[in-house]
Amino acid sequence: MIGMHWLTLLLLVAVYACIELRESYPRGSELREGLKSWHFMLGLGVFVLVFVRLVIRLVSGARPVVRPVLPVWQERLAALMHLALYAFLILMPLLGWLVLSAEGKPIPFFGMQWPALVGPDKAFADSLEELHETIGTVGYYLVGLHAAAALVHHYVSRDNTLLRMLPRRGRPAS
């Protein structure tokens with residue numbers, strides 16, 4: 001799960017980088033179109049990965065142990081933040097898939113093409129795209145709050161939350 005966590009972050013950074021960097025290139029240019037395609041494919045990669053993470057989490061049933069034990073309000077806030085992050089990681093790619101579908105464009109995924117979810121509808125596509133962009137902005141704040149919380153746990157609460165999410169250190173001692 002630790003590897004999946006960091007892979008999700010890397011994919012998310014790449015998704016955001018592709019869509020932000022595309023603005024640096026003229027409309028219709030090959031590089032701009034390539035960055036948009038990578039944005040779509042990596043976003044759908046996040047979509048696939050989040051479901052793999054959820055299955056592993058449900059099957060393993062293991063809950064991480066935070067030492068010292070967190071107050072109930074912090075556990076509830078952490079659960080709410082994780083729920084918001086998972087909702088974001090599912091909703092954003094799904095909205096992107098719907099936008100491409102409503103625009104009548106192909107939905108590329110590393111050499112394959114995913115099916116359209118809806119028929120072409122420009123007004124619907126425009127509404128969905130605006131929602132996708134708005135939630136994309138919210139995503140910056142969600143990820144930032146998540147990272148800030150990890151740092152507060154480490155430097156203020158002095159618990160093991162951050163350490164157990166680092167590669168190798170997160171594994172129990174044998």
Side-chain angles (χ1 to χ4, degrees), residues 1-58 78 80-152 154 161-162 165-168 170:
M1 285 301 288
I2 292 169
M4 299 284 253
H5 174 270
W6 294 107
L7 180 57
T8 303
L9 176 63
L10 287 174
L11 281 175
L12 216 60
V13 167
V15 167
Y16 274 105
C18 286
I19 209 62
E20 295 295 339
L21 288 172
R22 86 180 189 328
E23 293 296 327
S24 302
Y25 301 96
R27 289 187 185 273
S29 70
E30 195 173 310
L31 195 48
R32 182 181 177 110
E33 294 306 310
L35 286 167
K36 282 173 38 180
S37 288
W38 276 101
H39 173 78
F40 305 148
M41 292 186 295
L42 293 169
L44 290 172
V46 169
F47 192 65
V48 170
L49 186 60
V50 76
F51 284 102
V52 172
R53 286 180 66 169
L54 285 170
V55 167
I56 290 170
R57 189 171 180 173
L58 291 172
L80 187 62
M81 173 56 90
H82 283 105
L83 181 64
L85 283 166
Y86 274 105
F88 168 76
L89 293 171
I90 292 168
L91 186 60
M92 283 300 286
L94 184 58
L95 282 170
W97 187 358
L98 282 165
V99 168
L100 288 176
S101 298
E103 288 176 340
K105 294 182 178 174
I107 298 95
F109 188 69
F110 302 103
M112 297 181 287
Q113 188 170 324
W114 285 18
L117 296 175
V118 296
D121 182 335
K122 176 136 176 55
F124 188 49
D126 290 345
S127 296
L128 289 173
E129 189 165 19
E130 188 174 316
L131 182 60
H132 183 73
E133 289 174 7
T134 300
I135 296 173
T137 300
V138 169
Y140 283 115
Y141 294 101
L142 282 175
V143 172
L145 280 171
H146 183 65
L151 293 173
V152 167
H154 187 72
T161 300
L162 180 62
M165 287 309 300
L166 295 177
R168 295 178 206 228

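From a predicted model like this one, the values you see are computed outputs, not experimental measurements. When a residue number appears, it is its place in the shown sequence, counting from 1.
Between atom CG of residue L21 and atom NZ of residue K36 there is a gap of 14.5 Å, rounded to the nearest 0.5 Å. Atoms NZ and OG, from K105 and S37 in turn, are 9.5 Å apart once rounded to the nearest 0.5 Å. Separating the CG atom in L10 from the CG atom in L49 is a distance of 10.5 Å, to the nearest 0.5 Å. Atom CD in E33 sits 13.5 Å away from atom OH in Y25 (nearest 0.5 Å). Rounded to the nearest 0.5 angstrom, E133 CD and L128 CG are separated by 11.5 Å. In this structure, CZ in R53 is found 9.0 Å from CG in L7, a value given to the nearest 0.5 Å.
Dense packing is recorded around OH of Y140, with more than 12 heavy atoms of other residues, nucleotides or ligands lying under 6.0 Å away. Within a 6.0 Å sphere centred on CD of Q113, heavy atoms belonging to other residues, nucleotides or ligands number more than 12. Within 6.0 Å of CD on E130 lie no more than 12 heavy atoms contributed by other residues, nucleotides or ligands.
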* Could you check L100 against F40 for side chain to side chain contact (heavy atoms under 4.5 Å, CB included), going step by step and ending with a plain yes or no? => CA-CA 9 Å; L100 288 176; F40 305 148; 3.6 Å; yes
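Ring planes of F109 and W114: tilted class, angle from 30 to 60°.
Under a 3.5 Å cut-off, the side chain of S101 and the backbone N or O of A116 do not form any donor-acceptor pair. Panel note: side chain T8, backbone M4; a donor-acceptor pair is recorded below 3.5 Å. A donor-acceptor contact shorter than 3.5 Å links the side chain of Y16 to the backbone of G136.
Side-chain contact between H5 and M1 is absent, with no heavy atoms from C-beta onward closer than 4.5 Å. Here the side chains of L42 and F110 are in contact, with some heavy-atom distance below 4.5 Å.
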Under 3.5 Å, which donor-acceptor pairs do the side chains of residues 81-99 form with other protein atoms, sequence neighbours left out?
| unit_1 | atom_1 | unit_2 | atom_2 | d |
| --- | --- | --- | --- | --- |
| H82 | ND1 | A78 | O | 2.9 |
| W97 | NE1 | P115 | O | 2.7 |

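Between F51 and F47, the shortest heavy-atom contact is CD1-O, 3.0 Å. In plain terms, the two heavy atoms of R32 and P26 that are nearest each other are CD-O, 3.4 Å. The minimum heavy-atom distance linking L44 with P108 is given by the pair CD1-O, 3.7 Å.
None of E23, R22, E20 except one satisfies the side chain to side chain contact (heavy atoms under 4.5 Å, CB included) rule with L35; the exception is R22.
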